[in-house]
*Asks:* 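Below: one structure in structure tokens.
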Number of protein chains: 2
Amino acid sequence: MDKQKKDQTTEEKILEAAKQIFLTKGLDGARMQDIADEAGINKAMLHYYFRSKDKLFEQIFIEVVGHFLPKIIAILTSEKTIFEKIEIFCSEYISQVMQAPYVPVFILNEINKQPEAFLKKVLGGREIPVELFLKQLEKETKSGIIRKVDPVELFMNLIALCAFPFVARPIVQLITGKDMKQFMTMMEARKKEIPKLIIDSIKK
Amino acid sequence: MDKQKKDQTTEEKILEAAKQIFLTKGLDGARMQDIADEAGINKAMLHYYFRSKDKLFEQIFIEVVGHFLPKIIAILTSEKTIFEKIEIFCSEYISQVMQAPYVPVFILNEINKQPEAFLKKVLGGREIPVELFLKQLEKETKSGIIRKVDPVELFMNLIALCAFPFVARPIVQLITGKDMKQFMTMMEARKKEIPKLIIDSIKK
DNA sequence: TTCTTTGTTAACCAAACGGTTAAACTAAGT
DNA sequence: ACTTAGTTTAACCGTTTGGTTAACAAAGAA
């Protein structure tokens with residue numbers, strides 16, 4: 001047990017342990033006993049504080065996603081040029097994921113297992129404020145700065161290039177022989193490589 | 001039950017059903033009873049033919065991956081220019097996945113849950129014949145056709161752009177409102193868009 | 001026919017699972 | 001010292017799970 005855990009409340013211990021277990025094993029693969037062991041507490045406490053496995057999972061899920069999405073949205077709706085936004089997006093996204101490398105796999109699994117529930121949980125009725133971003137694209141297309149671009153594909157390419165290496169990380173590491181530190185160094189470099197690639201492809 | 005299933009052997013029925021269930025639910029999420037129901041047979045037959053859940057899963061896994069990898073390797077080791085290889089790779093990869101859209105998620109999950117076992121199963125002692133591809137890159141760099149490129153990153157970008165949309169497909173469909181047919185049309189178009197993007201980024 | 005092999009079924013089993021309970025413990029308030 | 005409310009524990013419960021078994025059926029082989 002970490003030294004820190006001693007002055008954490010039981011609820012905090014559970015949340016931390018559940019996050020660790022759910023992120024690495026997924027909902028199906030995680031056992032309540034695993035979480036209890038990881039937290040160093042009795043299994044009954046999980047139910048005392050969070051009633052059921054599903055409730056606990058949802059708590060973790062909302063915490064994890066709720067930490068990511070706002071930052072992304074903030075970037076898209078900020079007062080920057082498209083080129084700047086692309087640069088900031090990649091840098092920020094990769095920074096975020098570097099601190100929690102399992103998050104992309106975790107999210108992609110949820111997306112595939114229950115897409116509607118996913119959107120509902122994540123957005124909770126709100127809408128993605130994508131309007132502003134679309135208008136900006138349109139404007140900068142007309143003013144001739146960039147060529148005509150499908151915003152969905154642009155966004156998809158961005159996330160693909162940023163997120164995919166993390167999703168395939170274990171195999172990338174095995175093939176290249178990179179340890180975690182070297183892998184992270186590569187991703188650090190990609191913060192600049194990816195925007196270059198994307199911006200080059202949409203510039204006129 | 002499909003009309004076809006009647007003149008399939010029990011073993012074939014099981015393999016088909018197991019593939020369907022494992023691909024969509026994963027190893028942890030799949031139940032032996034689910035597979036038996038899907039195949040329209042008694043659960044005991046699964047063990048009669050394949051002994052255990054793990055053995056059955058491995059069979060499916062090897063079948064699925066064994067169908068993909070050789071095609072990819074064939075392209076990399078063929079006698080084409082890099083530009084041609086990139087074009088063929090994207091086109092072929094996307095075509096393959098369009099016929100089995102769940103495969104990338106399935107594989108990425110395995111990669112993350114047991115990376116070493118994954119490589120062992122997939123390669124079975126063999127090596128990825130990457131030498132030839134590396135030499136080709138080196139040669140075409142020296143002759144000035146392309147700029148200096150890290151082959152790992154080139155390859156990672158390729159797969160990222162081809163595979164990621166399928167991995168995030170449910171959410172992409174929900175956000176864009178595209179049905180399966182429209183999604184596939186988009187991916188069909190990407191067979192040409194992705195090579196353009198990649199080739200532009202490595203051309204001198 | 002009779003025997004043997006192969007395929008199939010329903011019933012069963014032990015273990016693992018998520019979840020519950022009642023009692024014990026702790027600490028703060030009276 | 002007594003009460004009370006919140007917390008923690010071990011033991012337990014019903015269900016589900018992967019896996020087994022024994023009886024049985026179909027089809028050749030003798």
Side-chain angles (χ1 to χ4, degrees), chain A residues 1-63 106 109-110 113-114 117 121, chain B residues 1-63 106 109-110 113-114 117 121:
Chain A
M1 221 196 288
D2 296 2
K3 46 194 166 168
Q4 264 213 5
K5 280 194 185 159
K6 283 182 183 162
D7 35 294
Q8 273 180 314
T9 66
T10 302
E11 194 171 341
E12 287 167 341
K13 281 188 217 163
I14 293 176
L15 284 173
E16 192 179 305
K19 197 166 162 183
Q20 157 78 9
I21 299 292
F22 278 137
L23 278 176
T24 51
K25 300 198 174 184
L27 174 58
D28 293 328
R31 297 288 95 103
M32 292 300 264
Q33 191 61 58
D34 295 342
I35 298 173
D37 292 346
E38 175 76 24
I41 49 124
N42 189 291
K43 181 168 71 87
M45 299 307 286
L46 303 179
H47 295 96
Y48 179 74
Y49 282 97
F50 299 95
R51 276 190 50 199
S52 72
K53 187 187 182 185
D54 284 334
K55 288 267 196 301
L56 177 55
F57 180 80
E58 192 159 321
Q59 190 102 346
I60 299 296
F61 181 81
I62 287 171
E63 185 195 314
F106 176 77
N109 266 313
E110 271 305 293
K113 266 161 196 165
Q114 19 179 333
K121 277 185 219 163
Chain B
M1 219 194 290
D2 295 3
K3 47 195 165 165
Q4 265 212 6
K5 282 196 183 157
K6 284 182 182 160
D7 35 293
Q8 274 180 311
T9 66
T10 302
E11 194 171 342
E12 287 167 340
K13 282 187 216 165
I14 294 176
L15 284 172
E16 193 178 303
K19 197 167 163 181
Q20 157 78 9
I21 300 292
F22 279 137
L23 277 176
T24 52
K25 301 196 175 187
L27 173 57
D28 293 327
R31 297 288 95 102
M32 293 300 264
Q33 191 60 59
D34 295 342
I35 298 173
D37 292 346
E38 174 77 24
I41 51 125
N42 189 292
K43 181 168 71 85
M45 298 308 286
L46 302 180
H47 295 95
Y48 179 75
Y49 282 97
F50 299 96
R51 274 189 51 199
S52 72
K53 188 186 182 185
D54 284 334
K55 288 266 197 302
L56 178 55
F57 180 80
E58 191 160 323
Q59 190 101 347
I60 299 297
F61 182 81
I62 286 171
E63 186 196 314
F106 176 77
N109 267 312
E110 271 306 294
K113 266 161 198 164
Q114 21 180 331
K121 276 184 217 164

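Sequence lines set the chain letters: A, B, ... in the order given, protein chains first and strands last, and positions in each chain run from 1.
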*Asks:* Give the rounded distance in Å between these two atoms: CD1 of B:Ile35 and P of D:dG18.
*Replies:* 8 Å

*Asks:* Where along residues 43-56 of chain A does a heavy atom fall under 4.0 Å from DNA chain D?
*Replies:* A:Ala44, A:Met45, A:Tyr48, A:Tyr49

*Asks:* Where do B:Asn42 and B:Ala36 come nearest, in terms of heavy atoms and distance?
*Replies:* C-CB, 4.2 Å

*Asks:* How bent is the helix from C:dT1-D:dA30 to C:dT30-D:dA1, measuring the angle between the end axes built from five pairs each, rounded to 10°?
*Replies:* 30°

*Asks:* Report the distance from atom CG of B:Asp37 to atom P of C:dA10, rounded to the nearest whole Å.
*Replies:* 12 Å

*Asks:* Counting only heavy atoms and a strict 4.0 angstrom limit, can you tell me which residues of residues 23-31 of chain B come near DNA chain D?
*Replies:* B:Ala30, B:Arg31

*Asks:* Taking all atoms of both residues into account, what is the closest heavy-atom pair of A:Gln8 and A:Glu12, and its distance?
*Replies:* CA-OE1, 3.5 Å

*Asks:* Keeping the roles fixed (side chain from B:Lys25, backbone from B:Arg31), state whether a donor-acceptor pair exists under 3.5 Å.
*Replies:* no

*Asks:* Mind calculating the distance between CD (B:Gln33) and P (D:dG18) to the nearest angstrom?
*Replies:* 9 Å

*Asks:* Is there a side-chain contact (heavy atoms from CB on, under 4.5 Å) between B:Leu15 and B:Phe50 once you walk through the steps?
*Replies:* CA-CA 10 Å; B:Leu15 284 172; B:Phe50 299 96; 3.7 Å; yes

*Asks:* Side-chain contact test, heavy atoms from C-beta onward, threshold under 4.5 Å: evaluate it for A:Phe22 versus A:Leu56 and give yes or no.
*Replies:* yes

*Asks:* To the nearest Å, how far apart are B:Asn42 CG and D:dA25 C1'?
*Replies:* 14 Å

*Asks:* Looking only at heavy atoms, what is the nearest atom pair of A:Ala30 and A:Ile21, with distance?
*Replies:* CB-CG2, 3.6 Å

*Asks:* A side-chain contact here means heavy atoms from C-beta on lying under 4.5 Å apart; do B:Lys121 and B:Glu110 qualify?
*Replies:* yes

*Asks:* How long is the line joining CD1 of A:Ile14 and C1' of D:dT7, in whole Å?
*Replies:* 11 Å

*Asks:* Distance check, rounded to the nearest 0.5 Å: B:Lys55 atom NZ versus B:Leu46 atom CG?
*Replies:* 15.0 Å

*Asks:* Against A:Lys19, only a single residue in A:Glu63, A:Gln59, A:Glu38 fulfils side chain to side chain donor-acceptor pair (under 3.5 Å); can you say which?
*Replies:* A:Glu63

*Asks:* Tell me whether the side-chain N/O atoms of A:Thr10 come closer than 4.0 Å to OP1 or OP2 in D:dT7.
*Replies:* no

*Asks:* Starting at atom CD of A:Gln8, determine the distance to atom P of D:dT8, rounded to an integer number of angstrom.
*Replies:* 13 Å

*Asks:* In Å and rounded to the nearest 0.5 Å, what is the CZ to CG distance from B:Phe61 to B:Asp54?
*Replies:* 13.0 Å

*Asks:* Given 3.5 Å as the limit, does a donor-acceptor pair link the side chain of A:Lys53 with the main chain of A:Leu27, or not?
*Replies:* yes

